[in-house]
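Quick notes on the structure that follows.
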Amino acid sequence: MNLTIFNTLTGKKEEFKPLNPPSVGLYVCGPTVYGDPHLGHARPAITFDLLFRLLKYSGYKVRYVRNITDVGHMESDADEGEDKIAKKARLEQLEPMEVVQHYTIRYHDAMRLLNVLPPSIEPRASGHIIEQIELVKRILQNGYAYESNGSIYFDVEKYHKKYNYGKLSGRVIEDMMSGNRELEGQDEKRNSIDFALWKRATPEHIMRWPSPWGDGFPGWHVECSAMSTKYLGEPFDIHGGGMDLLFPHHECEIAQSVAAGGKEAVRYWMHNNMITINGQKMGKSLGNFITLEELFTGNHKMLDEAYSPMTIRFFILQAHYRSTLDFSNEALQAAGKGLNRLMAAFKLIDRIKPSDKSTVDVNDLSERAFAALYDDMNSPIAIAVLFDWVRIINSAAEGKESMTQSDLKSLKDTFRALTVDILGLQDDADEGSKYAELTGSLIEMILAMRQQAKESKDFATSDRLRDQLTQLGIKIKDRKDGADWEL
RNA sequence: GGUCUCGUGGCCGAGUGGCUAGGCAGAGGUCUGCAAAACCUCGUACAGCGGUUCGAUUCCGCUCGAGACCUCCA
């Protein structure tokens, strides 16, 4: 089975062929840690977590690099533009690195709850200033950058004479130059479309590093170019990120790599789409975002209730990563219920009594679900196939379908591989703690008492036990020979 | 203004030139001491108008609507 992925560079689905199998290099743009992680951050994290898991499951040895941007970006082209992290630090009277540390931990906590696997390497921009300076030097040496008042800018026009600036995002450089707006503080640049590789730090700028051009800080796009190739080599296999980074960020990354080394660094570019809220992109600049913590606690005026991390994960996985996904309470609630049904069926497999022969073809699940996943990670279809099997499992538990012992084992293994290993779903109720085990045992004990009452037709007692359990949030599902429960 | 994307049944969301997506919600039924769950059946969705075609939700054009990028953004 071959994996195809949609390559933004060619605009087509392509068969994925790693440069050095079985190794795969994967780089994804990580968060800028100056604010709480929000629902938007969950999308690329989960999208590329799925890719990471799928590649590993397929036998690849993946080095997954996801950076932490702790140097911050300029707020504008203007000279008085200020490093965002520095600004926030001043406002809160904290050291910049204190802010960075705080939000990095918050991000990691949220990712862990979402069951997003940690990347193999998580490099920080601030820890790679030297590499970034070296990259800028090479671009300067090759003549594709110029110094201006202590800052270094990339010469887009010169670069475009030989190469193609805009090939990733489909921009036409001539249009961009003709339609240039008069922005303040542009005088340092030769051309409005030039971008900064290194910025001189003003005296009040607290995040600063020495460089051959004086004290300053790296430009917007150099960190990813420097760190991706440092850890993955040049070229490397896959570079991912949100669609909003396509231009200028990734376009500039290509230009930087080519200008520095004469060749492109990335073979497959992958971009996840945005999460929208009331049809509009969720983003910090629009102020319409919901943080992950707010989602998990339900503490936000737009939220009807709290949504578990797994509900969020499932919600995101139910849409294809290249489609926009619209947030709503109704959609989240639907995802939560669907997830419960899926996980309940998974557990139910153990209760199915083996038969002499099977009335269903268990290979169907793995064939169709993996075909979907290998087709540009079509998780919604894979999930739809899983739901087909939820129905079959439920029918089998009622004796309407039958499966042999080995088919049951195969089904369980496949179901687990898909839901747990690849989609990364886990049962919210499965705390795994001593208390959870104890609670489970206690509930089983009460249910046994209720079963006794039922057998002696003491329905008053059996109903009372059920009602009281229901009041505690424990849902009872009677079966022929006992009862299931879930929280 | 420039570049581009999208518009699917109550909601979310796949997909395809002719054949059931799936989930949630809703209706009816089966099962059950009751309830819940589960299972079965159901809604003749594909923005509008033209065109291509034997046939279009799927291809082309136009109209309307929504959105993204062009500035930090996942």
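Reminder, nothing fancy here: chain letters follow the sequence lines and each chain counts from 1.
rG13(B) and rC24(B) have their C1' atoms separated by 11 Å, given to the nearest Å. Across the C1' atoms, rU71(B) and rG65(B) are found 27 Å apart, a figure rounded to whole Å. The separation of rC6(B) from rG43(B), taken at their C1' atoms, amounts to 26 Å, rounded to a whole angstrom. Look at the P atom in both rU3(B) and rC73(B): the space between them is 25 Å, to the nearest Å. Between rA27(B) and rA68(B), the distance separating the two P atoms is 37 Å to the nearest Å. Annotation: rC59(B) and rG17(B) have their C1' atoms spaced 8 Å apart (nearest Å). rC60(B) sits 27 Å from rC11(B) when the P atoms are compared, rounded to a whole Å.
Side-chain atoms of Phe387(A) lie closest to rG22(B) of the nucleotides rC73(B), rC69(B), rG22(B). Among the nucleotides rC73(B), rG22(B), rA68(B), the one closest to the side chain of Leu245(A) is rC73(B).
The aromatic ring of Phe459(A) sits over the base of rG33(B), with ring centres less than 5.5 Å apart and planes tilted by under 30°.
Nearest heavy atoms, Val71(A) versus Met207(A): O-SD, 3.8 Å.
Under the 4.0 Å criterion applied to side-chain N and carboxylate O atoms, Asp388(A) and Arg368(A) are assigned as salt-bridge partners. Salt bridge Asp458(A)/Lys454(A): absent, no basic N to carboxylate O contact under 4.0 Å. Between Lys13(A) and Asp376(A) there is no salt bridge, since no side-chain N of the basic residue sits under 4.0 Å from a carboxylate O of the acidic one. Taking the charged nitrogens against the carboxylate oxygens, Glu157(A) and Arg190(A) have no contact shorter than 4.0 Å, which rules out a salt bridge. Ion pairing between a basic and an acidic side chain is recognised when a charged N comes within 4.0 Å of a carboxylate O; Asp463(A) and Arg466(A) show such pairing. Taking 4.0 Å as the cut-off between side-chain N and carboxylate O, Asp109(A) and Arg112(A) count as a salt-bridged pair. Note on Glu14(A) versus Lys12(A): no salt bridge recorded, every NZ/NE/NH1/NH2 to OD/OE distance being 4.0 Å or above.
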* List the steps and the verdict of side-chain contact (heavy atoms from CB on, under 4.5 Å) for Phe315(A) and Met310(A). => CA-CA 8 Å; Phe315(A) 170 67; Met310(A) 274 311 110; over 6 Å; no
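Separation of atoms CG (Leu295(A)) and CE (Met302(A)) is listed at 11.0 Å; rounding is to 0.5 Å.
Along RNA chain B, the nucleotide nearest to Ser462(A) and the one nearest to Gln333(A) differ in position, and the one closer to the 5' end is contacted by Gln333(A).
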* Scan nucleotides 37-44 of chain B nucleotide by nucleotide, 5' to 3', and note B when protein non-hydrogen atoms come under 4.0 Å of the base, S if they reach only the sugar-phosphate, - if neither. => SBSS----
Every protein N/O lying under 3.5 Å from an N/O of nucleotides 7-14 of chain B:
from, atom 1, to, atom 2, distance (Å)
rG13(B), OP1, Asp326(A), N, 2.7
rA14(B), OP1, His320(A), N, 2.8
rA14(B), OP1, Ser323(A), OG, 2.8

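With pairs defined as Watson-Crick or G-U wobble and both atom distances under 3.5 Å, the stems of at least three pairs that touch RNA chain B come out as B:1-7 with B:64-70, B:10-12 with B:22-24, B:26-30 with B:38-42, B:47-51 with B:59-63.
No option in Phe289(A), Phe327(A), Tyr107(A) other than Phe289(A) meets the ring-ring contact (aromatic ring centres under 6.0 Å, His included) test with His38(A).
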